[in-house]
Amino acid sequence: MTQKVLIINFEEIYLKGKNQKIFIKQLIRNLKRKLHAYQDYLQFTQAHGGSYFIEITKEIPEPVLEEIIYKVKNTPGITGFYVADTTGIAMDEIIEKAVEHAQKHTGEFNSFAVIGKRINKSVPYNSMELGRELGSAIHDRLHKKVDLTRPDFKLYVKVRSNYTIIYSKIIKGIGGLPVGTSGKAITMLSGGIDSPVASFMAMNRGLHLTAAHFHSVPKTSPQSIEKVKQLTRKLTDFQGQIKLYLIPVLDIQQAIAKHTDTRLRLILLRRIMLKIGERLAQEEKAKALVTGDSLGQVASQTLENMKATEDATDMLVIRPLVALDKKFIIETAKKIGTYDISILPHDDACSMFTPKSPETKAQLKYVREQCAKLPVEDLITKALENTEFVILSDTDSIKIDD
Ligand code: ATP
Ligand code: MG
């Protein structure tokens, strides 16, 4: 007999017409992967109307249930869900369970309503009688007032074929679309605040991400890589598993410093980063690159510079943050848990390479001329030869240190 059941809603997916089946299938696949460690407790059952059931088939410790709730809450595609208590279909069993359920919330309400429904028509009571019986039991035993028009607390009770579900609280999910339903992309992940947020937004629109981080070890510290691993690990809360490429760019930076106009350093480095991203995309069958660029956030993030950078690739470059202000980006970073990691003071391949007066309005023709001074292909080949990758997973533990 089921102990509890998680009932999941997916409104946005529901709007997708004939694609709906594909979206739900992907969502369930993602959820099953994320909840794999808990499979002994869980049984997935088919959608009932606009929802899906995950039954908890045996006694579950509260902390384990909390972990499961956290995973479900952070799965893109889920708008909201409830954790329902379950019991048998006899009236006295339902009363006991309903009172017990309401009792857990007694501090939070004075008035209540019971919304009772019997889906199983063979039980010896109808929906009205069900509501009335439960209403008077909660009134008598918990001393709360019935209010059918403006209750503080609504208790939903549904009698199904061989069990009853009882729930009250809707837990908000992060919504969006299931990871993987929009295809694959490479996200350019620095250790900063912006690119993790951009990555989250891309995943939440259904993109499956592979991350690329460019580092200048030994000029930058090994901790800077550790930090990006921690950020990637945090992002696996949403995607379950993320492959992170670590690409050394010190040689590239040295070549740029030696052969080109100082003011263009960053733009030239970014161009090569995008080109490397493009190679990784071919490897991963990804169709776009994601960056954390935000228009005007720093003096160098201008339309001219963005154009001069993305000119290096034919790939679609997605910038989820382009029109968002910093305050919103920071709030989002806090909400998704990347902020505290991002603000750890570690060095970065780009900031140590920033010239005193970087170009703010790059001229495309000049940028191309400067780029032509570099043995770009050789530099890329060498960087890729020395590229490593790690696969991070939401079962890895997170440590934040500095
Ligand atoms: P972030 O907070 O993501 O570092 P930022 O506001 O500091 O962004 P820039 O440093 O100008 O902006 O970088 C713009 C974008 O270029 C980043 O958001 C990221 O997508 C990409 N990028 C920059 N540095 C790196 C790096 N070392 N590795 C991977 N991507 C990078
Ligand atoms: Mg940065």
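Since the structure is predicted, the reported quantities are computational estimates derived from the model, not experimental observations. Because only heavy atoms are used, hydrogens play no part in the values below, and waters and symmetry mates are left out as well, while side chains stay in. For the single chain, residues carry numbers from 1 onward in sequence order. When a ligand or atom number is given, it counts from 1 through the structure's own listing order.
A cation-pi geometry, defined here as NZ or CZ lying under 6.0 Å from the six-membered ring centre and within 45° of its normal, holds between K243 and F389.
Residue T291 has at least one heavy-atom neighbour below 4.0 Å for each of these atoms of ligand 1: 20 (O). Residue contact check: Q301 has heavy atoms under 4.0 Å from atoms 6 (O), 9 (P), 11 (O), 12 (O), 14 (C) of ligand 1. Ligand 1 places these atoms under 4.0 Å from at least one heavy atom of G192: 1 (P), 2 (O), 4 (O). When each atom of ligand 1 is checked for a heavy atom of D293 under 4.0 Å away, the hits are 14 (C), 15 (C), 18 (O).
Annotation: F44 is not in aromatic contact with F53 [ring centroid separation under 6.0 Å not met]. Side-chain rings of F109 and F153 approach one another, their centers coming within less than 6.0 Å. The six-membered or imidazole ring of H213 lies away from that of Y245, with a centre-to-centre distance of 6.0 Å or more.
A donor-acceptor pair under 3.5 Å links the side-chain atoms of Q363 to the main chain of K361, judged by distance alone. Looking only at distances, a side-chain donor or acceptor of N305 sits under 3.5 Å from a matching main-chain atom of E359.
Partners of K275 under the side chain to side chain contact (heavy atoms under 4.5 Å, CB included) rule, at least two apart in sequence or in another chain, are A312, V376, I380. In this structure, the side chain to side chain contact (heavy atoms under 4.5 Å, CB included) partners of E96, at least two apart in sequence or on a different chain, are R141.
Below 3.5 Å of separation, one finds an N or O of F214 facing an N or O of ligand 1. Polar contact with ligand 1: absent for V290 (N/O pair, distance under 3.5 Å). Of the polar atoms of G191, none of the N or O atoms is found under 3.5 Å from an N or O of ligand 1, judged by distance alone.
Residue A212 touches ligand 1 through its backbone alone, judged by heavy-atom distances below 4.0 Å. At a heavy-atom distance under 4.0 Å, only backbone atoms of L189 (N, CA, C or O) approach ligand 1.
In this comparison of A198, S199, S190, the heavy atom closest to atom 25 (C) of ligand 1 sits on S190. Considering only non-hydrogen atoms, atom 8 (O) of ligand 1 lies nearest to D194 out of I329, I247, V249, D194. Across M273, R270, K326, heavy-atom proximity to atom 13 (O) of ligand 1 is greatest for R270.
Two residues are said to be in side-chain contact when any heavy atoms from C-beta on lie closer than 4.5 Å; T164 and V157 meet this criterion.
Within the 4.0 Å heavy-atom shell around ligand 1 one does not find H215.
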